[in-house]
Amino acid sequence: MSIVNTVCRLAARPIGMPKPSNFEIIDEPAGNPAEGEFLVRVEYLSVDPAMRTWMNAGRSYVPPVEIGEVMRAGGIGRVIDSRHPDFAAGDEVYGMFGVQRYAVSNGSGVTAVDTTVAPAPVHLGALGISGLTAYFGLLDVGRPRPGQTVVVSGAAGSVGSIAGQIARINGCRAIGIAGGEDKCRWLVDELGFDAAIDYQAGDLRAQLKAHAPNGIDVFFDNVGGTVLEAALSRLARGARVVICGAISQYNAAGELRGPANYMQLLVARASMTGFVVFDYADRYAEAVAQLANWLRSGELRSREQVVHGDVAEFPEVLLALFRGDSTGKLVLALDAR
Ligand SMILES: NC(=O)c1ccc[n+]([C@@H]2O[C@H](COP(=O)([O-])OP(=O)(O)OC[C@H]3O[C@@H](n4cnc5c(N)ncnc54)[C@H](OP(=O)(O)O)[C@@H]3O)[C@@H](O)[C@H]2O)c1
């Protein structure tokens with residue numbers, strides 16, 4: 001088979017916000033699968049804040065994307081040619097296929113996607129890594145109890161919107177922090193959050209005090225920086241702070257800004273714990289089954305923002321995450337050419 005692949009490779013490490021010149025978009029022949037491999041036509045790409053951190057050199061929970069490598073990305077696509085015993089042409093699959101139209105895979109980390117349960121983009125959001133991150137981060141790390149107050153930052157994002165709803169489903173008071181009135185209205189009116197705070201509107205500490213007068217029992221943090229500091233100043237005794245991410249810091253050109261008031265953990269006898277969803281891989285099936293049940297019953301709602309385009313659009317679509325232009329799960333759909 002002679003197929004032209006369009007590939008996005010990392011051309012240079014960004015300083016601050018990524019620029020189109022950090023990437024190189026190239027047409028090249030798609031590889032042919034060898035024995036034990038298969039070829040996937042990538043249909044949907046997951047666009048994630050973590051991509052920005054993968055572009056940096058240095059120690060992290062996964063190795064950096066090297067200069068010249070295909071930009072790392074999770075994606076969903078269809079197997080179009082297979083020499084692998086477990087994958088057949090026509091299968092819909094999820095894997096780390098990278099920002100490209102075609103990927104050759106040996107099946108490592110690749111799972112079947114059942115689009116009869118939900119459309120493919122949902123398998124990148126509520127039924128994918130976002131949903132799993134919200135599920136394990138909130139329930140295992142945050143350990144909320146019914147009646148407790150759970151505050152989620154980045155609440156209108158992919159992970160945050162699910163985390164807040166899981167808190168509500170578990171009988172907690174769910175308060176979201178998000179940017180702008182529209183997002184806050186969506187959280188309360190559509191997703192059933194008990195309250196939402198627009199962090200762009202002014203004094204976040206005062207708003208947290210007003211909405212959580214008895215303090216925060218679980219703070220699920222996707223944002224870091226000043227939002228984390230504000231939440232630390234309002235912790236209830238014995239609170240759990242879940243460090244899921246710190247999107248406000250991912251484009252910092254210098255040192256990250258850590259919480260200056262971390263001694264509030266001592267005052268509140270609180271804990272602050274980071275986690276990586278991949279460590280829960282042996283329990284993914286349990287979580288996906290539960291998330292799918294909640295979606296089916298209508299207790300959980302998912303929202304995907306699907307942008308249609310080509311591989312060349314990826315650098316611009318990635319920026320939407322950092323501009324706050326996305327609500328729910330951001331997906332780049334690679335339409336057939
Ligand atoms: N620990 C893990 O295993 C794991 C796994 C997956 C994801 N994560 C992390 O989880 C977090 C959420 O991921 P996601 O995929 O759901 O992304 P997301 O929340 O959908 O990310 C986009 C949103 O982040 C907000 N944002 C961007 N820049 C901001 C800033 N400077 N200050 C405050 N908010 C800002 C914007 O919302 P507003 O309009 O509300 O500002 C934007 O719409 C990220 O930090 C990610 O790295 C962790």
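Start at 1 and go down the list; that is how both ligands and their atoms are numbered. Quick caveat, the model's predicted, so the values are computed rather than measured.
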Test item, [X] contacting ligand 1 (heavy atom, 4.0 angstrom):
| X | answer |
| --- | --- |
| G328 | yes |
| P49 | yes |
| Y250 | yes |
| C244 | yes |

Should you measure from each heavy atom of [X], which atoms of ligand 1 turn up under 4.0 Å away?
| X | value |
| --- | --- |
| A246 | 45 (O) |
| G324 | 36 (C), 39 (O), 42 (C), 43 (O) |
| A178 | 40 (O) |
| F322 | 28 (N) |
| S248 | 30 (C), 31 (N), 32 (N) |
| V223 | 32 (N), 33 (C), 34 (N) |
| V276 | 3 (O) |
| V277 | 2 (C), 3 (O) |

Checking the N or O distance criterion of under 3.5 Å, is ligand 1 in contact with [X]?
| X | value |
| --- | --- |
| V159 | yes |
| Y199 | yes |
| K329 | no |
| I177 | no |
| F275 | yes |

query: Aromatic rings Y280 and F136: how do their planes relate, parallel, tilted or perpendicular, breaks at 30° and 60°?
result: parallel
To the nearest 0.1 Å, how far is [atom] from its closest protein heavy atom, and which atom is that?
| atom | answer |
| --- | --- |
| atom 19 (O) of ligand 1 | G157 CA, 3.3 Å |
| atom 35 (C) of ligand 1 | I247 CG2, 3.6 Å |
| atom 11 (C) of ligand 1 | N222 OD1, 3.3 Å |
| atom 40 (O) of ligand 1 | G179 N, 2.8 Å |
| atom 22 (C) of ligand 1 | L321 O, 3.5 Å |
| atom 20 (O) of ligand 1 | S158 N, 3.0 Å |

Counting only N and O atoms by type, is there a donor-acceptor contact under 3.5 Å from the side chain of [X] to the main-chain atoms of [Y]?
| X | Y | answer |
| --- | --- | --- |
| K183 | S326 | yes |
| E37 | A34 | yes |
| D198 | G179 | no |
| D91 | F87 | no |
| R9 | G68 | yes |
| R52 | A50 | no |

- prompt: Would you call R101 and E28 a salt bridge, taking side-chain N to carboxylate O under 4.0 Å as the test?
  reply: no
Lys/Arg N to Asp/Glu carboxylate O, R283 vs D140, below 4.0 Å: yes
field: Heavy-atom proximity to atom 5 (C) of ligand 1, best of T133, T53, L124
entry: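 Looking at heavy atoms only, the winner is T133.
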message: Judged on heavy-atom distance to atom 39 (O) of ligand 1, which of Q249, K183, Q200 sits nearest?
response: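 When every heavy atom of Q249, K183, Q200 is considered, K183 comes closest to atom 39 (O) of ligand 1.
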- request: Output the distance between atom CG (L334) and atom OG1 (T6), rounded to the nearest 0.5 Å.
  value: 9.0 Å
statement: CG of N106 to CZ of R83, rounded to nearest 0.5 Å, is 14.0 Å
query: Does the side chain of Q148 pick up a donor-acceptor pair with the side chain of R143 at under 3.5 Å?
result: no
task: May I ask you to check whether Y135 and E286 show a side-chain donor-acceptor distance below 3.5 Å?
output: yes
message: Taking the six-membered ring of W186 as reference, does the cationic atom of R301 (NZ for Lys, CZ for Arg) lie under 6.0 Å from its centre and within 45° of its axis?
response: no
Residue Y61 excluded, over 12 heavy atoms near OH under 6.0 Å: yes
